[in-house]
Amino acid sequence: MTIASAEKDARAEKRQAEAAWIRKNDSFAGVEEVLDLAKPRGDEARDAATTAAAQVAEKLEAALEAGTQKSDIKLKSLSLEKLRARLQRAAKSKSDEDLALIARQWTHNYDDYMEFSGSASERGPHMYPLVSAFILYVQRHVKAMHAPAAARKKDGSLTAARLLLPSAESDFTPNHAGEDEKVGLALHSCSVGAKPQPQPGTHPRDFFAIVACKVLYFYDEALDQLIDSTRRVYWAQGNRRFAWALSVCSRCVHAVVMLHDAVLVSPVMDVSKPAGRKQFVELLVNWAVCDDVRAGYDPTMEFDPISKQYRIQCPNKGGKMRTYTTMSYLFAQDDALGRHTRCFVAELVIKDAFAVSKPPPDDNVHNEICVLRRIRKEFKGKEVDFMYQELVRGGDVVLPTGGSHVSGISHNGVYDFDDNTDGILSLMGVAREDAPEVGKDGVKEKRSSWRQQPYRVHRRLVMRPYGEELDMDMDQAELTVVLEEAMRCHTAIHSRCKILHRDISPYNFLVVRGSDGLPRGLLIDFDYAISVKRTSRIGQPGQSGTLPYMSIGNLEYDGTIQTALDDWEALLYTLCMWGTRGLTRKDRNEDKRVLADLPISQWSVGTYEKIAKAKREHMHSAESFGKNILKHFHSSCERLKPFAKELHAALFLRDGCAGAEIPDPELASYDVDAAHYWDSDWQGQTEGQDASRVEDPLVKRLGYEKDIVDALTRVMGNYDRTMETLSVQDPSAIPVAAPPLRRSQRKR
């Protein structure tokens with residue numbers, strides 16, 4: 001097994017484990033308000049949807065009851081392929097009879113039908129045509145009842161925003177997904193003008209909701225599958241704010257909504273009973289009628305399926321909008337929960353994310369927009385020897401309501417929906433409650449209510465310049481040049497703007513190429529940045545960063561402040577991870593080692609406390625660092641070994657604070673020199689801590705912060721010049737840029 005294949009298996013295992021973790025810790029069952037979220041806005045539209053759903057349910061009941069034992073036996077005898085063909089013919093037929101007969105095998109004749117279909121593994125796929133027939137029956141009637149908004153005002157008839165049509169394929173792998181990322185069934189969001197038939201496409205860009213069907217009541221398994229599969233929806237749909245899904249276990253249906261910090265599951269809709277069938281019909285009608293805001297879409301982002309471009313409205317201070325047409329979709333997080341950051345290129349770069357903030361009027365003045373304005377004010381128009389991310393415009397996203405992008409229905413033109421957690425929960429008729437804090441082990445306290453959620457704000461920023469992610473094919477010289485300039489920028493921002501980045505990782509370095517083709521480094525993503533003015537350096541503001549690059553102090557969350565040294569420590573871990581994995585796809589594909597067997601894998605697995613302990617051991621001495629980390633660098637990264645060795649020495653082996661492991665209190669000697677000990681700022685940082693913490697080399701290190709940063713900067717500069725010389729001698733070493741990879745490891 002190669003490093004590449006081992007990493008692929010590890011990613012799949014991690015995804016499955018994370019889905020199970022989210023189900024256990026962030027999912028809530030029996031939430032009645034889930035069904036309220038799907039209801040259309042306004043009394044008139046709701047009344048029309050309710051009336052239409054009642055009429056469809058009544059017709060469906062009559063059609064289901066019209067089935068006979070003879071028709072049931074005939075359908076039971078069909079193979080899966082013949083059943084699918086029968087569904088296709090039924091969908092094209094002008095009569096509803098065949099669709100109802102197929103759906104009847106799910107609602108009325110399920111036990112007999114499934115018993116006749118073979119073993120449990122063979123029965124599962126037979127569920128999809130049955131569920132699809134039910135959905136197609138409802139959507140066919142929605143289309144028949146649909147009338148333009150003008151006509152609805154006269155007679156109260158239904159105006160649909162979209163049709164939800166099932167995929168023709170089941171148990172399929174979506175476009176651009178791995179073989180282990182199968183989807184059971186997908187509901188496509190289609191124009192009201194579409195024919196109500198199974199849809200042939202498998203691109204997650206078209207999915208309104210993922211459907212998981214299980215023969216028995218495997219609720220946990222179905223929910224895990226939905227959580228994992230919905231990642232693809234977020235990855236493919238740049239305009240998706242939250243996502244819907246359906247869990248179908250036997251004849252028990254649950255509507256699922258994936259918010260940014262919680263998975264909410266509706267009470268059961270039992271389709272074996274008329275009341276349950278009516279509820280499911282109401283949900284399908286409401287999904288077809290509700291506007292984009294309730295469907296989870298962003299009306300300020302319009303996607304053109306022909307040009308594959310977005311038209312994005314970007315706010316500025318004061319709410320003034322400007323529209324940009326994108327040239328490419330730079331990257332997207334495919335996490336199930338979290339910020340769901342996306343970046344687009346439109347001559348400039350547009351960043352869109354749901355960032356954790358404080359609700360008004362206490363909105364965090366250190367949000368990314370404020371931080372970038374501060375950086376721009378400090379450096380704009382001044383001659384600097386580094387590249388920095390310059391804010392062009394940015395603000396909180398406010399949405400118009402009443403429209404549907406897929407059917408071309410215009411919104412109301414009034415931007416009055418504040419797109420934040422409070423706004424989304426208000427659509428469900430509830431108020432948000434404060435969420436529990438994250439503990440020292442990096443784990444949140446269990447929430448007592450689904451209403452307990454962190455406050456997130458939908459923010460959009462336009463910045464320049466833009467570049468390419470570094471997690472692609474590159475050489476050692478290019479990597480060093482990029483990191484040196486980016487950290488030069490980091491030091492300038494820290495010293496002149498008093499801002500600490502707090503999320504150094506491979507994903508936050510970009511390479512920017514000028515007209516000469518030479519690489520430059522750009523530090524991005526100031527979502528977690530904080531002010532570090534000396535007057536306010538008391539207490540650590542909270543954990544931040546990305547595994548496996550978080551510093552030891554950040555992982556342990558021990559009350560000591562975060563400083564520039566935490567960011568430099570994260571840089572060292574970033575360099576070590578690159579050095580171990582190799583810098584090119586060829587390196588990783590040909591490497592026969594098993595990454596999980598290497599000591600560096602301990603930086604990614606286990607509790608924060610366990611990871612911090614492993615890092616303390618690995619960083620404690622030059623010998624330990626060499627044995628556990630440098631020894632396992634990829635053979636193509638030999639030039640990076642002395643670079644990493646010197647960075648490690650500057651960070652962990654400085655006289656007066658050498659080491660990383662906490663000494664035994666019985667044997668410890670207090671060896672910080674008097675000049676640093678009596679420095680009032682450092683003394684304040686250690687005051688009140690127990691003796692073992694004061695003897696911690698990483699706490700002692702705080703007294704030497706400036707000296708250590710100066711030493712680290714010299715190391716970076718020396719290797720930057722050395723690598724530039726090597727690169728000039730071997731210009732072919734700089735490869736052609738490869739497509740960016742997905743950002744699948746970012747902390748939420």
Do any N or O atoms from the side chain of [X] and from the backbone of [Y] form a donor-acceptor pair under 3.5 angstrom?
| X | Y | answer |
| --- | --- | --- |
| R339 | A353 | no |
| N628 | S624 | yes |
| E485 | M387 | yes |
| D566 | T563 | yes |
| E390 | R464 | no |
| E368 | F526 | yes |
| R376 | L391 | yes |
| T230 | I227 | no |
| H648 | M619 | yes |
| R616 | A660 | yes |

Rounded distance (nearest 0.5 Å) linking atom [atom1] of [X] with atom [atom2] of [Y]:
| X | Y | atom1 | atom2 | answer |
| --- | --- | --- | --- | --- |
| N554 | Q562 | CG | CD | 4.0 Å |
| L555 | M550 | CG | CE | 4.5 Å |
| W568 | H501 | CH2 | NE2 | 13.5 Å |
| L337 | W21 | CG | CH2 | 9.0 Å |
| F509 | H490 | CZ | NE2 | 8.0 Å |
| N508 | L571 | CG | CG | 12.0 Å |

By side-chain hydrogen bond (donor to acceptor under 3.5 Å, both in side chains) - contacts of Q602 (at least two apart):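 If we apply the side-chain hydrogen bond (donor to acceptor under 3.5 Å, both in side chains) test to Q602, skipping adjacent residues, there are no hits.
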
K382: side-chain hydrogen bond (donor to acceptor under 3.5 Å, both in side chains) partners, not counting sequence neighbours: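 If we apply the side-chain hydrogen bond (donor to acceptor under 3.5 Å, both in side chains) test to K382, skipping adjacent residues, there are no hits.
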
For [Y], is there an ion pair with [X] - N to carboxylate O distance below 4.0 angstrom?
| X | Y | value |
| --- | --- | --- |
| E378 | R374 | no |
| R513 | E478 | yes |
| D475 | R639 | no |
| K706 | D710 | yes |
| E638 | K641 | yes |
| K613 | E661 | no |
| D525 | K351 | yes |

Residue pair [X] / [Y]: nearest heavy atoms and the distance that separates them:
| X | Y | answer |
| --- | --- | --- |
| A435 | P454 | CB-N, 3.6 Å |
| I504 | A570 | O-CB, 3.6 Å |
| D261 | R456 | OD2-NE, 2.6 Å |
| S604 | I611 | C-CD1, 4.1 Å |
| Y573 | S551 | CE1-CA, 4.0 Å |
| T574 | P506 | CG2-CG, 3.6 Å |

Partners meeting ring pair (Phe, Tyr, Trp, His ring centres under 6.0 Å) with Y234 (sequence neighbours left out):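 Y234 satisfies ring pair (Phe, Tyr, Trp, His ring centres under 6.0 Å) with H340 once adjacent residues are dropped.
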
Cation-pi check, R701 onto F652 ring (under 6.0 Å, within 45° of axis):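 The answer is yes, since R701 meets both limits relative to F652.
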
Check: D587/S636 side-chain N/O donor and acceptor closer than 3.5 Å: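 Present: a donor and an acceptor within the cut-off.
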
Ring geometry between F379 and Y388 (parallel below 30°, tilted from 30 to 60°, perpendicular above 60°):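 Rings of Y388 and F379: tilted, as their planes differ by 30° to 60°.
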
From CA spacing to verdict: side chain to side chain contact (heavy atoms under 4.5 Å, CB included), Y466, C343: CA-CA 10 Å; Y466 69 87; C343 284; over 6 Å; no

